[in-house]
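What follows is one structure encoded as structure tokens, with my remarks underneath.
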Amino acid sequence: MRRKMLACSLLSVTAILLLLAGLLTWWNTNFLGDQRFCGKVFSSSEIDEALEGAGRLEQRLSYERKSYIFHCQVEQSSKFIDSPDSGVEVATRFMAADDPFLTRVWQHRGRMAFALSGLPGGATERQAWILVPSFCWKKIPAKPDFVPFVTARVQGQSARPEALFRLARRGVQRIMKNVGCSSADLSREKISDLTSEDLHSTEIDNVCRKPGFTLPDSALFPGSAEPGRERVTHPRSSTVWSCDLYLQSKKQPSLTFFSSSDENIVAAMKRQGISPAWDHGEVVRCEQGDFYVSLFAHDPYRDLYDREHRKKARDVAVTTKKILNSLARAEARAQSWTGCSF
């Protein structure tokens, strides 16, 4: 009798443990869950790679409208394990062409990686962007100063930039297919490594390791903001070149520079108006083609400049023009381009 009771108890305990194990597996993995999401655009492994933590995947939002509007949200949740809930959102976004370069949303970003070839794009540990190619724009209605991007954003944690970039690329492929653009294979597109955490000393005559690139005296303030250290994207062959320049000061005032000769970026910049302010870019025309240069001033630098501006009446437009002119000339020399209109 005792043996029978003991056997029953063991069976009950075993059944409870199996039930708990099954529930934990169900709650914290995607076992027997959906394997494709958002109209089968994304696989569960691609979503998992972006979110990284353990948990169950659930599609919260998925719709496509007018062939070029794409919006997808997938969330990852878990129970009783040390893995925070998170999610990822991939969507078509109509933005000004220079938004990825000259807005706080993208420039308060830490380090960034850029597409090495193919369609221009970039990624951080929080979000990624890819510009839909210019030959598709006639099939995608937008306001005159805006162009279509696909972005991927992670919520609740950081992610691998290459994983977010891959999700954005899938979204672009879907839109191009829907609107009937070229079905070029984008699967081999890759991004560079994140810009290094290491900072290098700035050379006054070769700012951002670009020979001939200098800053005008009006952009520097002895004792308050002088050349300090910098971080440059690598390799140079990516679709976008970028440099973060940190000036010597307690509040670390900084400037970020960009350049690109990618035809899609240049075409996008030509569509929008450009104002001579800190968030400023220019398209430079040369005999061999056109390229884009821009400058983003972070808040500590703006605050410092404004204080000195009141003392010395230095004009922002004049200073930005001098900086971009120097950058453009250095870029043209580096590319061996001639006949440029600076």
Side-chain angles (χ1 to χ4, degrees), residues 29-30 33-65 67-77 83-95 99-100 105-106 109-133 136 140 147-179 181 183-194 238-240 264:
T29 72
N30 209 44
D34 293 335
Q35 298 303 305
R36 306 292 300 186
F37 296 90
C38 300
K40 299 184 178 181
V41 176
F42 310 112
S43 68
S44 59
S45 60
E46 288 173 327
I47 301 292
D48 278 333
E49 189 176 7
L51 297 178
E52 291 191 328
R56 191 160 193 83
L57 300 177
E58 183 177 357
Q59 180 176 297
R60 290 296 186 184
L61 174 67
S62 175
Y63 71 80
E64 297 178 63
R65 182 166 55 88
S67 74
Y68 56 87
I69 301 295
F70 179 83
H71 199 167
C72 168
Q73 288 181 338
V74 179
E75 294 182 354
Q76 184 185 71
S77 62
S83 182
D85 292 350
S86 58
V88 67
E89 177 185 33
V90 184
T92 307
R93 297 194 184 278
F94 292 92
M95 304 188 292
D99 272 8
V105 171
W106 291 95
R109 56 174 169 74
R111 299 178 294 143
M112 182 173 273
F114 293 101
L116 292 171
S117 61
L119 297 182
T124 69
E125 293 179 333
R126 304 289 301 184
Q127 54 189 350
W129 63 271
I130 294 180
L131 176 60
V132 176
C136 289
I140 304 177
V147 288
F149 292 80
V150 172
T151 63
R153 300 180 178 180
V154 68
Q155 300 145 0
Q157 63 178 36
S158 60
R160 295 172 57 196
E162 59 268 28
L164 289 175
F165 184 81
R166 190 174 297 114
L167 294 178
R169 184 184 64 204
R170 292 288 191 199
V172 170
Q173 287 176 311
R174 180 61 162 239
I175 291 171
M176 291 176 66
K177 179 181 178 181
N178 287 348
V179 301
C181 286
S183 57
D185 181 17
L186 306 179
S187 61
R188 295 185 179 182
E189 287 195 0
K190 295 181 180 180
I191 59 173
S192 64
D193 294 332
L194 284 173
S238 61
T239 55
V240 177
N264 296 295

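In what follows, every heavy atom counts, from backbone to side chain, and hydrogens, waters and symmetry copies are set aside.
With a 4.5 Å cut-off on side-chain heavy atoms, Y68 and P148 do not count as touching. Counting heavy atoms from C-beta outward, V90 and V150 have side chains that approach closer than 4.5 Å.
Across A123 and A128, no two heavy atoms sit closer than the pair CB-CB, 3.7 Å. The two atoms that bring F149 and P100 nearest to each other are CE2-CG, 3.6 Å, heavy atoms only. In terms of heavy-atom proximity, A115 sits nearest to F165 at CB-CZ, 3.9 Å. The shortest heavy-atom contact between R174 and V41 is NH1-CG2, 3.1 Å. Minimum heavy-atom separation, L131 to W129: N-CE3, 3.9 Å. Nearest heavy-atom pair across A159 and A50 is CB-O, 2.9 Å.
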* For the pair T239 and N264, evaluate side-chain contact (heavy atoms from CB on, under 4.5 Å) and give the outcome as yes or no after the intermediate values. => CA-CA 10 Å; T239 55; N264 296 295; over 6 Å; no

* To do: Let me see the working for R170 and Q173 under side-chain contact (heavy atoms from CB on, under 4.5 Å), right down to the final yes or no.
  => CA-CA 5 Å; R170 292 288 191 199; Q173 287 176 311; 3.6 Å; yes

* For the pair V88 and L164, evaluate side-chain contact (heavy atoms from CB on, under 4.5 Å) and give the outcome as yes or no after the intermediate values. => CA-CA 9 Å; V88 67; L164 289 175; 4.2 Å; yes

* Report the C-alpha separation of F94 and D99 in whole Å, then their side-chain angles, then the decisive distance to 0.1 Å, and conclude whether the side-chain contact (heavy atoms from CB on, under 4.5 Å) test is met. => CA-CA 10 Å; F94 292 92; D99 272 8; over 6 Å; no

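By the side-chain contact (heavy atoms from CB on, under 4.5 Å) test, S67 is found to be paired with N178, V179, residues two or more places apart in sequence or in another chain being considered. For Q73, the side chain to side chain donor-acceptor pair (under 3.5 Å) partners at least two apart in sequence or on another chain are E89. With sequence neighbours excluded, the residues forming a side-chain contact (heavy atoms from CB on, under 4.5 Å) with A91 are H71, R93, listed by chain and number.
The distance from the SG atom of C181 to the CD1 atom of I140 is 6.0 Å, given to the nearest 0.5 Å. Rounding to the nearest 0.5 angstrom, the gap separating the CD atom in E75 from the CD1 atom in I47 is 11.5 Å. The structure places CD1 of I69 at 7.5 Å from CD1 of I175, a figure rounded to the nearest 0.5 Å.
The backbone N or O of E125 sits nowhere less than 3.5 Å from a side-chain atom of S158 that would complete a donor-acceptor pair.
Ion pairing between a basic and an acidic side chain is recognised when a charged N comes within 4.0 Å of a carboxylate O; R160 and E49 show such pairing.
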